[in-house]
Amino acid sequence: MEKELSVVIPVFNEEESIRELYEKLSESLVKLKKSYEIIFIDDGSSDNSLNVMKSLCKKNKDIKIYSFRKNLGKSYAFMVGFKKANGEYIATLDADLQDDPKSIKILYEKLVNRKYDLVAGWRRNRRDNIIKNISSSVFNKVVSVIFNLKIHDLNCGLKVYKKEVAKELKLYGGMHRFIPILVNEMGYKVGESEITHYPRKYGKSKYKITKIITDVPDLITIYFLTKYTRRPLHFFGKIGSALFLIGLLTLAYLSYIHFLGESIGRRPLLFLGILLVTLGIQVVFTGLLADLIVNTNMKENNNYPIKYESKPNNKKV
Ligand code: UDP
Ligand code: MG
């Protein structure tokens with residue numbers, strides 16, 4: 001049965017928080033006066049989290065649980081949650097009590113009243129450790145400049161989506177950290193709203209500082225996926241032709257001095273020139289292959305970003 005709001009909660013070893021979270025959440029959902037469902041995604045917890053969720057599920061028929069056999073990460077947890085959600089709107093919330101469930105109402109109202117497709121929480125006064133706070137604010141600034149989206153906090157666990165937006169997202173790896181970017185690039189309207197953030201009360205953060213290292217490759221993937229998925233040859237073509245041209249100029253220079261009588265056979269520049277020309281051609285051909293794949297898939301894939309479609313008019317004139 002369709003609900004007005006689905007709340008998707010990824011859970012990975014959060015046994016101490018879940019009950020308190022549920023109490024706070026259900027209180028704020030009652031105040032929201034919308035029909036709701038709560039979807040817990042147990043991301044392979046090895047503690048007692050699943051049992052705590054099961055006991056809550058017995059009390060409230062609007063709770064659903066999906067439990068993974070092993071830890072798959074937050075992106076997968078979101079994907080499954082979005083797939084299973086029946087709500088007209090979908091909210092996500094971390095299980096660790098760091099974001100106040102009361103804020104769902106503020107985000108939800110902003111989304112509906114201001115006609116956004118996604119409203120992300122902004123932890124303006126973030127209560128995590130200093131290294132995490134600084135690295136994340138630098139990261140947020142860099143990404144928002146690269147993608148030209150004015151958002152302060154990309155990776156807040158608290159977000160509210162229109163159903164179709166969440167269901168259209170394809171997330172894996174570290175992609176949940178870029179959701180506002182992905183949604184904006186899909187052509188939807190993204191907004192943000194300040195929320196109150198608390199220090200972690202129970203358990204430990206699941207994210208280590210080393211995730212900063214994976215942020216850069218993730219950023220490259222996102223950049224490529226959002227800008228060039230439909231035209232990969234433009235990406236590979238630019239890089240490949242640049243390499244090819246530099247190589248060609250190098251070889252032209254060497255040929256010139258060769259004809260002036262200088263010996264070029266042992267010059268490192270010769271090898272560099274040959275390498276660049278070969279590499280350039282390879283890169284361009286990789287782009288051609290990628291274009292071929294896109295072209296082949298296009299015939300089967302009719303997933304276009306259509307915002308409005310007129311209904312056929314059956315009235316007789
Ligand atoms: N989480 C998850 N799978 C993971 C890591 C985290 O489902 O592999 C959940 C975790 O239980 C919590 C939320 O994602 O509900 C945010 O995690 P955490 O608080 O550790 O991240 P932080 O707030 O420190 O960035
Ligand atoms: Mg947290």
Side-chain angles (χ1 to χ4, degrees), residues 6-25 38-53 56 63-85 90-101 103-104 120-140 143 152-161 166 169 171-180 195-215 218:
S6 301
V7 184
V8 173
I9 307 178
V11 178
F12 182 43
N13 294 341
E14 308 280 3
E15 57 184 2
E16 304 102 321
S17 329
I18 299 169
R19 211 173 286 275
E20 194 174 324
L21 174 83
Y22 169 69
E23 244 109 69
K24 288 195 167 142
L25 174 63
I38 297 173
I39 303 179
F40 283 115
I41 308 291
D42 170 29
D43 189 10
S45 298
S46 53
D47 65 356
N48 206 29
S49 296
L50 183 59
N51 287 329
V52 181
M53 289 183 254
L56 292 175
I63 295 182
K64 289 182 191 162
I65 306 169
Y66 297 91
S67 179
F68 296 163
R69 220 164 279 129
K70 62 177 207 170
N71 180 248
L72 297 177
K74 209 171 164 183
S75 279
Y76 258 96
F78 280 152
M79 278 275 278
V80 173
F82 294 159
K83 198 165 174 205
K84 303 289 180 186
I90 300 177
T92 58
L93 178 67
D94 283 354
D96 58 3
L97 289 164
Q98 287 197 263
D99 303 329
D100 195 339
S103 311
I104 292 181
W122 172 17
R123 297 164 290 184
R124 188 164 196 172
N125 198 356
R126 194 168 168 179
R127 309 289 298 275
D128 284 314
N129 71 50
I130 180 132
I131 301 178
K132 203 164 166 183
N133 290 356
I134 294 175
S135 65
S136 136
S137 79
V138 171
F139 177 73
N140 282 321
V143 176
H152 294 88
D153 190 357
L154 295 168
N155 188 23
C156 179
L158 185 55
K159 292 187 174 72
V160 180
Y161 305 75
L169 276 173
L171 304 172
Y172 56 85
M175 265 153 92
H176 62 273
R177 276 182 271 138
F178 298 87
I179 290 175
I195 61 155
T196 325
H197 193 239
Y198 300 98
R200 208 177 224 281
K201 203 166 163 187
Y202 309 103
K204 278 194 285 229
S205 168
K206 310 298 175 296
Y207 293 102
K208 300 186 190 80
I209 290 302
T210 47
K211 95 171 158 59
I212 302 170
I213 303 168
T214 60
D215 276 346
D218 276 346

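For ligands, and for the atoms within them, numbers begin at 1 and follow the listed sequence.
Distance alone, capped at 3.5 Å, places no donor-acceptor pair between the D100 side chain and the S103 backbone. Proximity of a side-chain donor or acceptor of Q98 to a complementary backbone N or O of P199 within less than 3.5 Å is not detected. In terms of modelled atom types and a separation under 3.5 Å, the side chain of S75 and the main chain of G173 share a donor-acceptor contact.
Around the Mg ion (ligand 2), the protein N, O or S atoms found under 2.8 Å comprise D96 OD2, Q98 OE1.
Protein heavy atom closest to atom 1 (N) of ligand 1, with residue, atom name and distance, is F12 CB, 3.8 Å. The nearest heavy-atom contact from the protein to atom 18 (P) of ligand 1 is R200 NH2, 3.5 Å. Of the protein's non-hydrogen atoms, the one nearest atom 17 (O) of ligand 1 is Y207 CE1, 3.8 Å. Protein heavy atom closest to atom 20 (O) of ligand 1, with residue, atom name and distance, is K206 N, 2.6 Å. With respect to atom 7 (O) of ligand 1, the closest heavy atom belonging to the protein is P10 CB, 3.4 Å.
Against a heavy-atom cut-off of under 4.0 Å, K132 is close to the following atoms of ligand 1: 22 (P), 24 (O), 25 (O). Those atoms of ligand 1 with a heavy atom of D43 less than 4.0 angstrom away are 2 (C), 3 (N), 4 (C), 7 (O), 8 (O). Atoms of ligand 1 found under 4.0 Å from any heavy atom of K74, numbered from 1 in the order shown, are 3 (N), 13 (C), 14 (O), 16 (C). Heavy-atom proximity to V11, at under 4.0 Å, picks out these atoms of ligand 1: 7 (O), 11 (O). Near G73, meaning under 4.0 Å from one of its heavy atoms, ligand 1 places the atoms 8 (O). Those atoms of ligand 1 with a heavy atom of N71 less than 4.0 angstrom away are 3 (N), 4 (C), 8 (O).
Across E14, Q98, H176, heavy-atom proximity to atom 23 (O) of ligand 1 is greatest for Q98.
We find that K24 and E20 are joined by a salt bridge, their nearest charged nitrogen and carboxylate oxygen being less than 4.0 Å apart. The pair K206-D96 does not meet the salt-bridge criterion, since no charged nitrogen lies less than 4.0 angstrom from a carboxylate oxygen.
Looking at K204 next to ligand 1, no N or O pair under 3.5 Å apart turns up. For a threshold of 3.5 Å applied to N or O pairs, the pair formed by D96 and ligand 1 contains at least one separation below that value. Ligand 1 has an N or O atom lying under 3.5 Å from an N or O atom of S205, backbone or side chain.
The residue from D128, D153, T196 that alone fulfils the side chain to side chain donor-acceptor pair (under 3.5 Å) condition with R123 is D153.
The closest approach between a heavy atom of G157 and any atom of ligand 1 is not below 4.0 Å.
Ring orientation note: the planes of H152 and W122 are close to parallel, at an angle under 30° on the 30°/60° scale.
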- side chain to side chain donor-acceptor pair (under 3.5 Å) evaluation trace for R126 with S137: CA-CA 10 Å; R126 194 168 168 179; S137 79; over 6 Å; no
- Go through the steps to decide whether N71 and D43 satisfy the test side chain to side chain donor-acceptor pair (under 3.5 Å), and finish with yes or no. CA-CA 5 Å; N71 180 248; D43 189 10; 3.0 Å; yes
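A heavy-atom distance below 4.5 Å is not found between the side chains of I179 and T92.
When heavy-atom distances to ligand 1 are checked against a 4.0 Å cut-off, I41 has no atom that comes that close, whether in backbone or side chain.
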